[in-house]
Amino acid sequence: MNPKITECDPADFIDTTRVYFQYHRNEQITLELVPFVMRATLDSALTADETDSLFAEYELTVANRLGNNDFLLFTPKGKRPEEFFTLYGQDAECGFGNLAAVQYATPVFWTFPEIPADSSVCMLTDEFLVKIDTTITSVQKLSDINADNSVELVKLASEFGPTFLLKVTKRSQFNALDMGNFYRESGYAAIASSNFDCLIQRSIDLQNIKR
């Protein structure tokens with residue numbers, strides 16, 4: 001994908017009324033967005049200087065380095081993290097998340113929002129898991145559905161049932177969380193869930209700035 005570079009304001013795409021959720025045992029479980037950080041995975045070809053320059057340009061600071069090209073980032077004061085997320089399904093290079101150098105930029109959620117002092121977080125990746133009912137959806141049909149939605153097969157995730165790890169691309173209409181919900185609601189998958197990366201309590205210090 002080679003998005004066109006156009007003038008746009010990513011803030012125009014923010015839906016301030018949306019609720020993040022995923023399904024668990026046929027119930028919608030609401031997720032609480034962390035309002036000042038995001039997850040970003042960059043192109044592995046970027047040098048350290050290029051990465052630092054990119055973050056400086058968008059006034060992003062590193063909260064935690066997750067890997068060679070993976071970061072938990074603080075967004076600028078007064079800015080919503082949604083302004084920096086990847087805008088899936090767009091044909092334009094609009095905002096930080098749709099830069100060619102950014103593989104994806106996604107939301108971060110509190111793991112245990114019911115515990116005020118807990119700073120554990122779960123970060124959305126670009127992957128989601130689906131388990132199909134083969135009496136309803138064949139493997140070939142799932143492959144066709146993936147192609148229609150610009151979703152890629154990563155691997156067969158379990159030898160104990162038809163469970164697959166899938167990955168959204170920037171051509172997909174939704175991020176991995178919403179795409180999993182879409183597969184579930186459309187009847188393509190019996191079970192669908194995002195493949196989160198989580199940092200539990202002491203591995204990251206967000207307690208003093210949790211809002």
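- Checked by atom type and distance alone, the side chain of S143 never pairs as donor or acceptor with a backbone atom of V139 at under 3.5 Å.
- Between L156 and T163, the shortest heavy-atom contact is CD1-O, 3.2 Å.
- In this structure, N149 and Y183 have side chains that are in contact, with non-hydrogen atoms separated by less than 4.5 Å.
- E27 has no carboxylate O lying under 4.0 Å from a charged side-chain N of R25, or vice versa, which leaves the two without a salt bridge.
- Side-chain atoms of F21 and L31, non-hydrogen and from C-beta on, never get closer than 4.5 Å to each other.
- Listed for the D43 side chain is a donor-acceptor partner under 3.5 Å among the backbone atoms of A45.
- Here the side chain of S150 pairs no donor or acceptor atom with the backbone of T169 at under 3.5 angstrom.
- Between L33 and V108, every side-chain heavy-atom pair lies at or beyond the 4.5 Å cut-off.
- Nearest heavy atoms, P76 versus L60: CD-CD2, 3.9 Å.
- In this structure a side-chain-to-backbone donor-acceptor pair under 3.5 Å is missing from S120 to I200.
- The distance from the OG atom of S186 to the CD1 atom of I145 is 8.5 Å, given to the nearest 0.5 Å.
- Heavy-atom contacts from other residues, nucleotides or ligands closer than 6.0 Å to CD of E59 number 12 or fewer.
- At least one side-chain heavy atom of F85 sits less than 4.5 Å from a side-chain heavy atom of M38.
- Using a 4.0 Å cut-off between a side-chain N of Lys or Arg and a carboxylate O of Asp or Glu, R65 and D70 do not qualify as a salt bridge.
- Residues Y188 and I132 form no side-chain contact, since every pair of their non-hydrogen atoms from C-beta on lies 4.5 Å or further apart.
- Using modelled atom types, one side-chain atom of T51 and one backbone atom of T47 make a donor-acceptor pair closer than 3.5 Å.
- Heavy atoms only, all atoms of each residue included: S44 and N69 are closest at N-ND2, 3.8 Å.
- Put simply, OH on Y20 and CZ on F109 are 6.0 Å apart, with the number rounded to the nearest 0.5 Å.
- A pairwise comparison of heavy atoms in E152 and R171 identifies OE2-NH2, 4.3 Å as the closest pair.
- Taking every heavy atom of both residues into account, T75 and V37 meet most closely at OG1-N, 4.3 Å.
- For the pair R184 and Y23, the distance from NZ or CZ to the six-membered ring centre is under 6.0 Å and the angle to the ring normal is within 45 degrees.
- Side-chain atoms of R80 never come within 3.5 Å of backbone atoms of E82 as a donor-acceptor pair (strictly under, hydrogens ignored).
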Self-check item: Verdict with supporting geometry, T86 and K170, side chain to side chain contact (heavy atoms under 4.5 Å, CB included)
Solution: CA-CA 8 Å; T86 297; K170 287 183 179 178; 4.1 Å; yes
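- Remark: side-chain polar atoms of S172 are not paired, donor with acceptor, to backbone N or O of F174 under 3.5 angstrom.
- Interatomic distance, L153 CG to L142 CG, rounded to the nearest 0.5 Å: 7.5 Å.
- Between L124 and F196 there is a side-chain heavy-atom pair separated by less than 4.5 Å.
- The main-chain N or O of N98 is never found under 3.5 Å from a side-chain atom of Q90 such that the two would form a donor-acceptor pair.
- Residues N195 and F128 are not in side-chain contact: their nearest non-hydrogen atoms beyond the backbone lie 4.5 Å or more apart.
- Looking at K141, its side chain never comes within 3.5 Å of a backbone N or O of T134 through a donor-acceptor pair.
- Residues R18 and D178 are paired through a salt bridge, judged by an N-O separation under 4.0 Å between the basic side chain and the carboxylate.
- One distance of note links NZ of K155 with CD of E127; it measures 8.0 Å at 0.5 Å rounding.
- Panel note: side chain D118, backbone F112; no donor-acceptor pair is recorded below 3.5 Å.
- L66 has its side chain within reach of M123: a pair of non-hydrogen atoms, C-beta onward, lies under 4.5 Å apart.
- Considering all non-hydrogen atoms of both residues, A192 and V130 come closest at CB-CG1, 4.0 Å.
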Practice problem: Start with the C-alpha gap between L73 and V62, add the side-chain angles, then the distance that decides, and say whether side chain to side chain contact (heavy atoms under 4.5 Å, CB included) holds. | Solution: CA-CA 5 Å; L73 299 170; V62 177; 3.9 Å; yes
Quiz prompt | Audit row: D126, T106, side chain to side chain contact (heavy atoms under 4.5 Å, CB included) steps and yes/no | solution = CA-CA 8 Å; D126 60 349; T106 48; 6.0 Å; no
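- Separating the CG atom in D144 from the CD atom in Q140 is a distance of 4.5 Å, to the nearest 0.5 Å.
- Note that OG1 of T41 and CG of D197 are 8.0 Å apart. Values are rounded to the nearest 0.5 Å.
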